[in-house]
Amino acid sequence: MTAQPHDDAGPARVFLVDDHRVVRTGLAAYLATEPGMTVVGEADDGRRALEALAVLERAGELPDVVLMDLQMPTMDGVAATAEIKRRWPEVEVVAVTSFVEEERVRAALEAGAAGYLLKDADADEVAAAVRAAVAGEVHLDPAAARALTAALRAPRPAVDALTAREREVLVLLATGGTNRQIGRHLGVAERTARTHVSNILAKLGLVSRTQAAMWAVREGLVPVEGRP
């Protein structure tokens with residue numbers, strides 16, 4: 001079953017994902033007063049968000065837009081965004097976070113986010129981001145846009161920055177390997193594999209395994225179908 005097409009005369013359906021109840025409550029309270037918007041559900045981490053969206057899909061009530069926190073336990077917002085776009089490409093995601101670092105902005109957008117807001121954004125900016133996502137447009141917080149623009153002008157880290165062993169670890173990570181599985185494959189301790197992963201993230205200026213996997217795909221180290 002797929003989502004019902006959005007009717008321009010009806011409300012935009014919004015789903016909230018944040019591990020802080022006060023944030024979800026505040027967003028829900030505001031959106032309840034915003035004309036043309038309705039909150040259809042919420043979750044406190046990415047994994048529970050996917051479970052809730054699957055339930056909404058079976059009812060034919062998928063949201064139009066998910067407002068997604070990025071830093072959460074169990075499954076972070078970048079991984080959850082990528083999975084939402086894989087399973088329900090018609091659902092748009094807007095990242096709502098406290099962080100404006102370029103790598104986080106890039107990770108969210110590469111995962112498929114249609115917007116990036118800071119948690120101190122004005123209420124009307126949240127509404128504007130939701131409406132932009134429904135319209136198929138990208139809405140970026142000005143600070144996030146500046147960070148991304150500055151990074152695009154700067155030289156990007158190359159595969160050559162990694163050692164042969166680190167490239168091997170990166171490929172294993174990008175194809176879904178856990179630290180334990182990587183260690184077994186290489187014949188090293190899990191702690192050593194974890195150290196390799198940390199070094200890779202530091203060298204590439206990345207913040208998560210998901211972002212590293214996307215980087216490996218973009219650089220051609222693994223085929224697209226090899227992504228976790």
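Computed from a prediction, not measured in an experiment: that's the story for all the values here.
Within the 3.5 Å criterion, the main-chain N or O of Val78 finds a donor-acceptor partner in the side chain of Asp76. Distance alone, capped at 3.5 Å, places no donor-acceptor pair between the Tyr116 side chain and the Leu140 backbone. No side-chain donor-acceptor contact under 3.5 Å links Glu83 to the backbone of Ala80. Side-chain atoms of Asp64 do not come within 3.5 Å of backbone N or O of Val134 as any donor-acceptor pair.
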- Task: Just do the side-chain contact (heavy atoms from CB on, under 4.5 Å) check on Val17 and Asp69 with the steps written out, would you?
- Result: CA-CA 6 Å; Val17 187; Asp69 188 17; 5.7 Å; no

- Message: One pair to check against salt bridge (Lys or Arg N to Asp or Glu O under 4.0 Å): Glu92 and Lys85. What are the steps and the verdict?
- Response: CA-CA 8 Å; Glu92 300 295 348; Lys85 296 305 293 183; 3.5 Å; yes

- Message: Please determine whether side-chain contact (heavy atoms from CB on, under 4.5 Å) holds for the pair Leu204 and Leu162, giving the CA-CA distance in whole Å, both sets of side-chain angles, and the decisive distance to 0.1 Å.
- Response: CA-CA 9 Å; Leu204 299 181; Leu162 303 177; 4.2 Å; yes

- Might you work through the side-chain contact (heavy atoms from CB on, under 4.5 Å) test for Val39 and Leu16, ending with a clear yes or no? CA-CA 8 Å; Val39 175; Leu16 310 176; 4.0 Å; yes

- Verdict with reasoning, Leu62 to Phe15, per side-chain contact (heavy atoms from CB on, under 4.5 Å): CA-CA 9 Å; Leu62 275 173; Phe15 190 94; over 6 Å; no

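In this structure the side chain of Leu31 never reaches within 4.5 angstrom of the side chain of Thr38, judged on heavy atoms. Within the 4.5 Å cutoff, the side chain of Val14 has no heavy atoms near those of the Pro63 side chain. For the pair Trp88/Leu53, a side-chain contact is recorded, criterion being any heavy-atom separation below 4.5 Å from C-beta on. Residues Leu67 and Val126 form a side-chain contact, since some pair of their non-hydrogen atoms from C-beta on lies under 4.5 Å apart. Annotation: side chain of Leu186 is in contact with side chain of Glu168 (closest heavy-atom distance under 4.5 Å). Contact check for Thr192 versus His196: side-chain heavy atoms found under the 4.5 Å cut-off. In this structure, the side chains of Thr175 and Leu173 stay at 4.5 Å or more apart for every pair of heavy atoms.
Remark: Leu50 CG to Thr74 OG1 distance equals 11.5 Å, nearest 0.5 Å. To the nearest 0.5 Å, atom CH2 of residue Trp215 and atom CG of residue Leu201 are 11.5 Å apart. To the nearest 0.5 Å, the span separating CZ on Arg165 from CG on Asn199 amounts to 12.5 Å. Rounding to the nearest 0.5 angstrom, the gap separating the CG atom in Leu117 from the CG atom in Asp141 is 6.5 Å. In this structure, the separation between OG on Ser98 and CZ on Arg104 is 9.5 Å, given to the nearest 0.5 Å. Interatomic distance, Leu27 CG to Asp18 CG, rounded to the nearest 0.5 Å: 7.5 Å.
For Arg48, the CZ atom sits in a loose shell: 12 or fewer heavy atoms of surrounding residues, nucleotides or ligands are nearer than 6.0 Å. Within a 6.0 Å radius of CZ in Arg87, more than 12 heavy atoms belonging to other residues, nucleotides or ligands are found. Environment of CZ in Arg47: sparse, with no more than 12 heavy atoms of neighbouring residues, nucleotides or ligands closer than 6.0 Å.
Between Arg218 and Glu110, at least one side-chain nitrogen of the basic residue sits less than 4.0 Å from a carboxylate oxygen of the acidic one, meeting the salt-bridge criterion. With salt bridges taken as basic N to acidic carboxylate O contacts below 4.0 Å, one links Arg131 and Glu34. We find that Glu61 and Arg13 are not joined by a salt bridge, their nearest charged nitrogen and carboxylate oxygen being 4.0 Å or further apart.
Residues Arg209 and Asn179 bring a donor and an acceptor atom of their side chains to less than 3.5 Å of each other.
Between Glu125 and Pro142, the shortest heavy-atom contact is OE2-CD, 3.9 Å. Closest non-hydrogen pair, Ala127 versus Tyr30, comes out as CB-OH, 3.3 Å. Taking all atoms of both residues into account, the shortest heavy-atom contact from Met68 to Met72 is SD-CE, 3.8 Å. Contact record, Thr81 with Ala113: CG2-N, 3.8 Å, taken as the closest heavy-atom pair. Closest approach of Gly176 to Gln181, counting heavy atoms only: O-OE1, 3.7 Å. In terms of heavy atoms, Ala133 sits closest to Val94 at CB-CG2, 4.0 Å.
In this structure Arg24 satisfies the salt bridge (charged side-chain N to carboxylate O under 4.0 Å, His left out) test together with Glu42, sequence neighbours excluded.
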